[in-house]
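Worksheet for the structure shown next.
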There are 2 protein chains.
Amino acid sequence: MVITLQLDSDVPLYEQLRNQIVVGIATGVLEPREKLPTVRQLAEDLGVNTMTVNKAYALLKQEGYIVIDRRHGAKVNAPSENDSLQELSPKLAQELELIIAQAAIQGIDPSRFQSLCAPIFAKMTYRYT
Amino acid sequence: MVITLQLDSDVPLYEQLRNQIVVGIATGVLEPREKLPTVRQLAEDLGVNTMTVNKAYALLKQEGYIVIDRRHGAKVNAPSENDSLQELSPKLAQELELIIAQAAIQGIDPSRFQSLCAPIFAKMTYRYT
DNA sequence: CATTTGTATTACAATACATAATACAAACAA
DNA sequence: TTGTTTGTATTATGTATTGTAATACAAATG
């Protein structure tokens with residue numbers, strides 16, 4: 001998986017890394033039960049510190065996106081149907097509200113917004129088994 | 001307009017303030033050409049420093065959401081039809097992709113996502129003249 | 001001219017970010 | 001067992017961001 005970090009961004013490196021892995025999981029670039037690189041390996045590849053990668057992994061683990069074995073390293077979490085919560089978390093809902101507000105001010109109406117979301121959704125191949 | 005700041009949030013105060021004003025404009029709580037409080041007044045009301053409010057105003061001005069006269073203070077920018085760009089900025093598009101990715105992993109499909117967006121859009125009364 | 005507006009400057013404290021160098025605990029292989 | 005690899009914890013250091021504080025400045029208005 002290709003990961004590109006912007007050093008001059010206002011988004012912290014560990015957060016950029018976390019975000020790209022989440023998108024990778026959703027788009028299927030990273031498959032369930034797929035093994036992620038070790039923190040040391042990924043840190044070396046990206047040219048960042050070990051603890052920066054570790055911080056991203058710890059975040060993903062806390063959010064349930066990956067599972068971690070001491071020896072086997074980090075793996076993408078396999079989805080289960082029962083945790084299919086059809087609601088957005090308050091944080092996500094607030095972020096979505098802010099995006100829609102900005103879109104509305106730009107004159108984008110609901111149907112236009114939907115047509116902007118459609119191709120994004122089309123990329124998300126993540127499916128429940 | 002009611003503004004509530006969370007001091008223990010990871011989002012900076014000036015960014016929380018900026019976000020709530022944007023939502024206020026989109027929802028019509030703040031109307032076009034409406035005068036915003038002065039930086040000193042709003043800072044006092046919120047219990048924060050003058051420069052924190054100023055930072056939010058400067059950001060909103062740079063983004064085109066408000067206009068600022070030296071004497072008259074800050075006002076909500078009136079919309080014009082010609083700047084109705086039907087595309088999202090790269091930054092917004094990336095944020096939207098991240099939200100959709102997380103929604104997809106939670107098992108939310110496009111139609112469900114649309115039904116989550118609908119009530120949010122319904123609150124946005126911002127219209128072009 | 002005097003007042004009010006946003007803005008700039010400087011200093012300071014607290015926190016967050018990222019790196020660096022180690023070291024530790026758990027899990028597995030030989 | 002012994003050794004290796006894994007994520008993790010610790011400590012230290014430097015830098016950047018955030019927020020406050022006090023003050024001053026420039027522009028617009030009455």
Side-chain angles (χ1 to χ4, degrees), chain A residues 1 3-22 25 30 33-78 91, chain B residues 1 3-22 25 30 33-78 91:
Chain A
M1 178 186 183
I3 292 179
T4 53
L5 299 181
Q6 289 186 322
L7 297 179
D8 60 343
S9 169
D10 55 332
V11 182
L13 296 179
Y14 74 91
E15 202 171 323
Q16 292 184 45
L17 183 52
R18 174 263 180 197
N19 290 344
Q20 293 190 35
I21 290 178
V22 168
I25 294 175
L30 297 174
R33 284 175 292 274
E34 179 174 342
K35 191 177 176 304
L36 295 178
T38 67
V39 287
R40 290 172 178 81
Q41 182 65 53
L42 188 51
E44 189 182 356
D45 290 351
L46 297 176
V48 299
N49 191 269
T50 310
M51 296 314 296
T52 302
V53 177
N54 180 250
K55 203 166 178 178
Y57 276 23
L59 197 55
L60 289 162
K61 172 189 174 184
Q62 183 201 334
E63 297 173 318
Y65 289 117
I66 65 176
V67 289
I68 288 176
D69 283 348
R70 271 283 180 181
R71 174 66 171 181
H72 288 106
K75 291 186 307 180
V76 176
N77 199 357
K91 184 184 175 186
Chain B
M1 178 185 181
I3 292 179
T4 52
L5 299 181
Q6 289 187 322
L7 298 179
D8 60 343
S9 169
D10 55 332
V11 181
L13 296 177
Y14 73 91
E15 202 172 324
Q16 292 183 44
L17 183 51
R18 174 262 179 200
N19 290 344
Q20 293 189 36
I21 290 178
V22 168
I25 294 175
L30 297 174
R33 284 176 291 275
E34 179 173 343
K35 190 177 177 304
L36 294 179
T38 68
V39 288
R40 290 171 176 81
Q41 183 63 54
L42 187 52
E44 189 183 355
D45 289 351
L46 298 176
V48 299
N49 191 270
T50 311
M51 298 313 297
T52 302
V53 176
N54 183 63
K55 204 166 180 180
Y57 276 23
L59 197 55
L60 289 162
K61 172 189 175 185
Q62 182 200 334
E63 296 173 319
Y65 289 116
I66 66 176
V67 289
I68 288 177
D69 283 349
R70 272 284 179 182
R71 175 66 169 180
H72 288 106
K75 293 186 305 179
V76 176
N77 200 355
K91 185 184 175 187

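Order of the sequence lines fixes the chain letters, A, B, ..., with proteins taken first and strands second; residue numbering starts at 1 for each chain.
Summarising the geometry, the separation between CG on A/Asp8 and P on D/dT15 is reported as 19 Å, rounded to the nearest angstrom. Straight-line distance from the CG atom of B/Leu60 to the P atom of C/dG6: 13 Å, rounded to whole Å. Nucleotide C/dA21 holds its P atom 14 Å from the CD atom of A/Glu44, rounded to whole Å. We find that CG of B/Leu17 is positioned 14 Å from C1' of D/dT18, with the value rounded to whole Å. One atom, CG of B/Leu36, and another, P of C/dT5, lie 13 Å apart when rounded to the nearest Å. Rounding to whole angstrom units, CG of residue B/Leu5 and P of D/dT18 are separated by 15 Å. The CG atom of A/Leu13 sits 17 Å away from the P atom of C/dA16 (whole-angstrom rounding). In this structure, B/Leu59 atom CG and D/dT18 atom C1' are separated by 14 Å, rounded to whole Å.
Remark: A/Tyr14 is not in phosphate contact with C/dA18, judged by side-chain N or O atoms under 4.0 Å from OP1 or OP2. Applying the 4.0 Å criterion to OP1 and OP2 of D/dT20, one finds that B/Thr52 has a side-chain N or O inside that range. Residue B/Asn54 places at least one side-chain N or O under 4.0 Å from the OP1 or OP2 atom of C/dT7. OP1 or OP2 of D/dT18 lies within a sub-4.0 Å distance of a side-chain N or O belonging to B/Lys55.
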- Apply side chain to side chain contact (heavy atoms under 4.5 Å, CB included) to A/Leu36 and A/Met1, showing your working. CA-CA 10 Å; A/Leu36 295 178; A/Met1 178 186 183; over 6 Å; no
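Across the interface with DNA chain C, nearest-nucleotide mapping of B/Ala58 and A/Asn49 shows B/Ala58 to be the residue nearer the 5′ end. Between B/Tyr57 and A/Glu15, it is B/Tyr57 whose nearest contact on DNA chain C lies nearer the 5' terminus. Where A/His72 and A/Met51 each meet DNA chain D at their nearest nucleotide, the meeting point lying more 5' is that of A/His72.
A/Lys61 comes within 4.0 angstrom of sugar-phosphate atoms only, judged by non-hydrogen atoms across all strands, and of no base.
In this structure, CZ on B/Arg18 lies 10.0 Å from CD1 on B/Ile21, to the nearest 0.5 angstrom.
At a threshold of 4.5 Å between non-hydrogen side-chain atoms, the residues A/Leu17 and A/Thr52 do not count as touching. Between B/Leu13 and B/Val53, the closest side-chain pair of non-hydrogen atoms is not below 4.5 Å.
When the nucleotides C/dT19, D/dT20, D/dT8 are ranked by their closest atom to the side chain of A/Arg40, D/dT8 comes out on top. In this structure, the nucleotide among C/dA18, D/dG19, C/dG6 sitting nearest to the side chain of B/Ile68 is C/dG6.
A side-chain donor from one of B/Asp45 and B/Gln41 sits under 3.5 Å from a side-chain acceptor of the other.
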